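These figures come from a predicted structure and were not determined experimentally. Naming convention: chains lettered A, B, ... in sequence-line order (proteins, then strands); numbering from 1 in each chain.
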Amino acid sequence: MTHLVVVGASLAGLRAVEAVRRDGFDGDVTLVGAEEHLPYDRPPLSKEYLSADECPDPRYREEETFAGDLDVELVLGTPASALDTTARTLTVGDRTLSYDGLVIATGAHARVLPGTEHLEGVHTVRTLDDAIALRAALRAEHAKRLTVVGAGFIGSEVAAVGRKLGLEVTILEALETPLARAVGERMGRALTHLHRRHGTEVRTGVAVEEVLSEDGRVTGVRLGDGTELATDVLVVGIGARPATDWLEGSGLTIDDGVVADETLAAAPGVYVAGDVARWPNALFTDVADGTMRLEHWTSAADQGGRAARHAVDPSAAKAYETVPYFWSDWYDGRVQFVGIAAGEDIEVVAGDDTEGGPFTAIYRAGDRIVGALAVDMPAEVMKYRRLIGGRKSWDDALELAEQRRRQRAEKARRAAEEQGAST
Amino acid sequence: MVALAAPGESWHEDTTREEVSMKIQVDWDRCTGMGMCESLAPDVFEVDDDGSLIVHAEEVPEGMESDVREAVAACPTEALSLEGE
């Protein structure tokens, strides 16, 4: 094994090259990225990068780190266009790179509303360039009204930023319940309360019929029932599609992502990581059918390192299983989810979900706890994450919930006592 | 870049060589209480009810080196590091 090529220079790609160097791999390492930018941190781009007055540098590492400590050749600014798994070559622009081991971590592209790509005032949030443009648009003097298409996590975060910046915000969602697929119907409703509580209008079950514009700039949208909504900024947050177009004809199995086995192998010497990767997560194959593809920071980081280790030493490849984790910052609060939202058997074990929190809810499938959701209860979900990873029973989860209840009560009692003593 | 392990050292398995004591460093400006560290090394890290991080040990306790290293690597804001490796 002499040459590792990692295609995709975001979090998974960065973690891939760092992991093998940390392990002492002394072959050549090349990191290929479609964007001109050095690897950068994406989660803040829909949050504080837009809202903070001073925008922080989102790059993970300096350029010198790649040339120096990591000894990685960077090939940035041109996307990979073809892969030949038999000859073990990758085409990037007019270059052909030979590899012994390959990690595919090309991520995903934001979905767009067809025909609106070139309209001024219409934005997606995926790349750093997207965020730079949206930041300016939200802060422009004429920007008073923000309309967000899609009540998913990205759309919700942008809506929260819009409110923070003093804009009038409306979210348009095609489904009756936002986030039903991610967290289930009941919890989707609970999260919608958070928006309403902060003055964001949420319209569900609506279709965007047409995006209205004048002189190349967005002016509003027309809904399925004929209603017209005027807007200054339109953000499209309707999900992402895995970046697999370039793999057509490569012989890899593509099915909403690159399909891999339990070790993340898609072909001999080829491993996948991050948003583009679809693999059987053995932790949940008994309760949820088939494979999964995650668009989470934590899985991209984790899979990047694993895939690269497997690529440089396939004989040591091990099955990869994980408890998914994602977080989302809305208004002044934090939504955290661990596991999977399989089944609809959900129990609220702390707080109250009817007004949008704070609360913690746990998810049951069969006899197992498989998921946990917390709104503004940051101490809770990680305790359940361990139970989920350990395939613990529903009774174990209820026992933990009871223990936590007692701990919180005891803490509140002591705090009240202290308060009493000091007055 | 955050130093996570000595060059050539295995990341996942505990090494057999004698460990020098490793101090846990937290960059409090970066930490947002995400809790990945707690899920990987609950005896060392805990997120409090207000979202702040409690670190139960100044130095990595014996036998927990691998868990703590994983926790350090898993931090989404790169707020954790180890000193003295």
Side-chain angles (χ1 to χ4, degrees), chain A residues 11 14-15 18-26 41 43-44 47-48 56 60-62 64-66 68-70 296-298 300-302 305-306 309 316 318 323 325-327 329 333-334 336 338 350 358 374 376-389 404 407-408 411-412 415, chain B residues 1-17 22 26-56 64-83 85:
Chain A
L11 175 65
L14 173 70
R15 291 303 179 100
E18 287 188 335
V20 293
R21 283 301 190 224
R22 203 179 297 128
D23 286 354
F25 174 67
D26 61 1
D41 196 15
K47 310 177 179 76
E48 60 266 27
Y60 282 116
R61 308 284 179 261
E62 301 289 332
E64 303 84 77
T65 307
F66 292 96
D69 288 358
L70 286 170
H296 306 156
W297 190 98
T298 38
D302 215 7
R306 308 273 172 149
R309 287 196 178 94
K318 285 187 279 213
V323 182
Y325 168 51
F326 64 83
W327 75 94
D329 293 338
R334 177 165 285 173
Q336 294 169 291
V338 292
D376 288 333
M377 294 193 89
E380 303 306 314
V381 290
M382 286 306 172
K383 295 177 173 69
Y384 293 101
R385 187 173 194 253
R386 289 186 69 79
L387 295 190
I388 298 165
R404 292 294 298 154
Q407 284 168 347
R408 281 191 305 271
K411 211 167 167 178
Chain B
M1 109 155 239
V2 188
L4 297 169
E9 185 178 85
S10 164
W11 176 247
H12 282 287
E13 289 136 42
D14 280 326
T15 49
T16 47
R17 75 182 168 86
M22 292 185 292
V26 183
D27 183 338
W28 296 104
D29 289 336
R30 284 175 164 264
C31 176
T32 67
M34 213 80 83
M36 281 302 288
C37 51
E38 176 177 345
S39 81
L40 295 162
D43 294 328
V44 177
F45 304 102
E46 188 180 358
V47 177
D48 208 353
D49 293 322
D50 64 0
S52 61
L53 180 67
I54 307 166
V55 184
H56 291 299
M64 289 186 193
E65 293 83 0
S66 134
D67 287 352
V68 173
R69 281 203 194 96
E70 273 201 55
V72 167
C75 176
T77 57
E78 299 192 337
L80 298 175
S81 57
L82 293 175
E83 192 186 83
E85 281 212 279

Q. For Met382(A) and Met34(B), what are the C-alpha separation, side-chain angles and deciding distance, and is it a side-chain contact (heavy atoms from CB on, under 4.5 Å)?
A. CA-CA 9 Å; Met382(A) 286 306 172; Met34(B) 213 80 83; 5.9 Å; no
Q: Spell out, as yes or no, whether a donor-acceptor pair under 3.5 Å connects the side chain of Arg385(A) to the backbone of Gly35(B).
A: no
Q: Check whether Thr32(B) gets within reach of chain A through its side chain, its backbone, both or neither, counting any heavy atom under 4.5 Å.
A: both
Q. Measuring from Asp48(B):CG to Lys411(A):NZ, what's the distance to the nearest 0.5 Å?
A. 3.5 Å
(Q) Please rank Phe25(A), Tyr60(A), Trp327(A) by heavy-atom pairs under 4.5 Å with chain B and give me the top one. (A) Trp327(A)
**Q.** Smallest separation among heavy atoms of Trp297(A) and Cys75(B), with atom names
**A.** CH2-O, 3.6 Å
Q. Most heavy-atom pairs under 4.5 angstrom with chain A, which of Cys37(B), Gly33(B), Pro42(B), Gly51(B)?
A. Pro42(B)
**Q.** Winner by heavy-atom pair count (cut-off under 4.5 Å) against chain B, out of Gln336(A), Arg334(A), Met377(A), Arg408(A)
**A.** Arg334(A)
Q.
Is it the case that the side chain of Arg15(A) and the backbone of Ala73(B) share a donor-acceptor pair, with hydrogens and angles ignored and the cut-off at 3.5 Å?
A. yes
Q) Taking NZ, NE, NH1 and NH2 as the nitrogens, is one of them in Glu38(B) or Arg386(A) under 4.0 Å from a carboxylate oxygen of the other? A) no
**Q.** Glu380(A) portion near chain B, given a 4.5 angstrom heavy-atom threshold
**A.** side chain
**Q.** Side-chain touch Lys383(A)/Val47(B), heavy atoms, less than 4.5 angstrom
**A.** no
